[in-house]
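Written below as structure tokens is the structure these notes are about.
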2 protein chains.
Amino acid sequence: MTDKATANERVYSAIRWEILAGDRHPGQPLKTAELCKRFESGVGVVRESLLRLAEHGLVQVRPMQGFRVPELTADDLRDLTEARLDIEPLALRYSVTQGGAEWESHLVGAHHLLTVTPKQDNSGKRYSPEWGKAHGAFHTALIAGCRNRRVLGIAQRLRDTAELYRRWSTGPQEDTADDHRGLLDAALARDADLAVDLLTARIRATHDVLSQHL
Amino acid sequence: MTDKATANERVYSAIRWEILAGDRHPGQPLKTAELCKRFESGVGVVRESLLRLAEHGLVQVRPMQGFRVPELTADDLRDLTEARLDIEPLALRYSVTQGGAEWESHLVGAHHLLTVTPKQDNSGKRYSPEWGKAHGAFHTALIAGCRNRRVLGIAQRLRDTAELYRRWSTGPQEDTADDHRGLLDAALARDADLAVDLLTARIRATHDVLSQHL
DNA sequence: GGTGGACAAATATTCGAGTATATGCATGAT
DNA sequence: ATCATGCATATACTCGAATATTTGTCCACC
């Protein structure tokens, strides 16, 4: 066996990534039969993965009616933004306060990768998958210094869903390079108040852009 | 068929309740074979339920080593309390601000049930399961006015875990009737600041009592 | 006595066939 | 034309046997 992890873990990660990367449209059904063939696994493994994802809201499930990619609505985006504004600052404050040298190191590296990754895909209409990945990794690194695993996990899941919305926005590309630079500097300077201000401004700006497309 | 819901949902709720009610000791393995016999279902259903619960931290899972009831530690309690102090006030504030007549009605009813339910079990050393249930229902009703389903769900899950710690505390019983009365009055008076103060005081007090038993 | 390796038992994981439910379509009645 | 009913198909759900892995035990060997 070349696989170290269980099939469950493989399929879970694969489906999760497909959704976050935007390979599937919001509202699209996720049929077990199709996923079984694609991942060469039995129906049980696929169901277990989908149910786990559903528990975090990354797929919708209705009994006896199967699974589907969540619909994106203006109402849901409002709730999501509200929750992010309430909770992500908590994680960021802990991170900036508690993060050590290793945290700084990863953060600097993640920011560098973000700056050198092309933002748009070939069509020029969407964020490139690579940039989306680098962007998510930067924000993950930003709060990764938070020692409280619960708060960190909650914030991270909110970010994942926000990334899903971003993936499906087709609107004008903001210029966010300065914002990210500012966040990095504030974090490295251990200026929690400034970092939180910048982050909340980013979240609000993201909301305004995305809400125009729903 | 007498069952309306799927077997999955039945087993999920049953296992969840057994854990929250304290029928199983922290750290105790949850063997699929045993659960299958008890709930008269196949192994797939039990696994799906356990994996879903694991996603919220209500059971621990390690690949190829099965499932178990989470261990309760002082470190984890500290993280949990910190997260509760950060997040539950958010949900309470929304609830007190946004809750309608129906919310008030359920809240008053839940409080009444709490006041008339005996607090201790027969041995006098533990909280009675009925009181635990009523206590959880009161706090759930308290924040149920929050319209943001995400914030509400996050707060509720933190409360569930806190209830698990409470269930396993064997220490001196606090007198909490006044606190609950105060919370009810503040909520009905729509005094969010006061309600939040009372709630945070309660969370801190709970932490102090529970941390002595770990 | 302690160590390590082979074997056996217990347990977790995976798979696919069998069953239950939902969905779409055709038919007929109001 | 609209709605209801029944049938056919597609899909979800469940089960238990088959497989893979871990855990425990015994024994040879140092």
Side-chain angles (χ1 to χ4, degrees), chain A residues 1-20 23-71 73, chain B residues 1-20 23-71 164:
Chain A
M1 277 300 178
T2 60
D3 304 325
K4 193 163 59 176
T6 62
N8 196 325
E9 205 61 33
R10 271 192 311 111
V11 173
Y12 174 85
S13 300
I15 297 177
R16 182 173 180 279
W17 174 246
E18 282 199 359
I19 294 173
L20 287 180
D23 290 352
R24 295 162 176 282
H25 283 261
Q28 178 181 354
L30 293 158
K31 296 179 188 163
T32 54
E34 178 216 329
L35 295 168
C36 286
K37 270 198 294 188
R38 177 200 300 263
F39 299 119
E40 298 179 350
S41 68
V43 56
V45 171
V46 168
R47 276 181 56 81
E48 287 177 3
S49 299
L50 289 170
L51 283 165
R52 284 173 60 190
L53 289 165
E55 216 65 15
H56 292 319
L58 223 50
V59 317
Q60 288 176 345
V61 53
R62 281 158 61 184
M64 292 307 270
Q65 291 172 234
F67 307 85
R68 55 184 54 214
V69 181
E71 298 277 4
T73 69
Chain B
M1 278 301 179
T2 59
D3 303 326
K4 193 163 57 177
T6 61
N8 196 326
E9 204 60 34
R10 272 193 309 112
V11 174
Y12 174 85
S13 300
I15 297 177
R16 182 172 181 280
W17 173 248
E18 282 198 358
I19 294 173
L20 288 179
D23 290 352
R24 294 162 176 281
H25 282 262
Q28 178 181 353
L30 293 158
K31 296 180 189 162
T32 53
E34 177 215 330
L35 295 169
C36 287
K37 271 197 294 187
R38 176 200 301 263
F39 299 118
E40 298 179 350
S41 68
V43 55
V45 171
V46 168
R47 275 182 57 81
E48 286 177 4
S49 299
L50 288 170
L51 283 165
R52 285 173 60 189
L53 289 165
E55 217 64 14
H56 292 320
L58 223 51
V59 317
Q60 288 177 346
V61 54
R62 280 157 64 183
M64 283 294 171
Q65 293 172 231
F67 307 85
R68 56 184 54 216
V69 182
E71 299 276 4
L164 186 57

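Heavy atoms only: backbone and side chains are in, while hydrogens, waters and symmetry mates are out. Here is the naming used below: chain letters follow the sequence lines, and residue numbers restart at 1 for every chain.
Here the nucleotide nearest the side chain of A/A7, chosen from C/dC15, D/dC15, C/dT14, is C/dT14. Comparing D/dC13, D/dT11, C/dA12 by their closest approach to the side chain of A/K31 singles out D/dT11. Relative to the side chain of A/V43, the nucleotides C/dT13, D/dT14, C/dT11 differ in distance, and D/dT14 lies closest.
The distance between atom CG of A/L35 and atom P of D/dC13, rounded to the nearest whole Å, is 13 Å. One can place CG of A/L30 at 20 Å from P of D/dA10, the figure rounded to the nearest angstrom. As a whole-Å value, the separation of B/E48 CD from D/dC13 C1' is 8 Å. If you take CZ of B/F39 and P of D/dC15, they are 13 Å apart, rounded to a whole angstrom. Rounding to whole angstrom units, CD of residue A/E9 and P of D/dT21 are separated by 16 Å. The distance from atom CZ of B/R10 to atom C1' of D/dC15 is 13 Å, rounded to the nearest whole Å. Rounded to an integer number of Å, the gap from CG of A/L51 to P of D/dT14 is 10 Å. Distance A/F67 CZ to C/dA22 P: 15 Å, rounded to the nearest Å.
Residues B/D23 and B/I19 have side chains not in contact (no heavy-atom distance under 4.5 Å, counting atoms from C-beta outward). You'll find the side chain of A/L30 reaches within 4.5 Å of the side chain of A/V69, heavy atoms only. Taking the side chain as every heavy atom from C-beta outward, B/T6 and B/V45 never approach each other to under 4.5 Å.
Comparing the helix axis at one end of the helix from C/dG1-D/dC30 to C/dT30-D/dA1 with that at the other, each defined from 5 consecutive pairs, gives an inter-axis angle of 20° (nearest 10°).
Projected onto DNA chain C by closest heavy-atom contact, A/V45 and B/A33 fall at different nucleotides, the more 5' of which corresponds to B/A33.
A salt bridge does not link A/R16 with B/E55: none of the charged nitrogens is closer than 4.0 Å to a carboxylate oxygen. Taking the charged nitrogens against the carboxylate oxygens, A/E9 and A/R52 do have a contact shorter than 4.0 Å, which makes a salt bridge. Under the 4.0 Å criterion applied to side-chain N and carboxylate O atoms, A/R38 and A/E34 are assigned as salt-bridge partners.
Phosphate proximity of D/dC13 to A/R47: present, with a side-chain N or O under 4.0 Å from OP1 or OP2. At least one side-chain nitrogen or oxygen of B/T32 sits closer than 4.0 Å to the OP1 or OP2 atom of C/dA12.
Looking at residues 56-65 of chain A, you'll see A/M64, A/Q65 sit with a heavy atom under 4.0 Å from some atom of DNA chain C.
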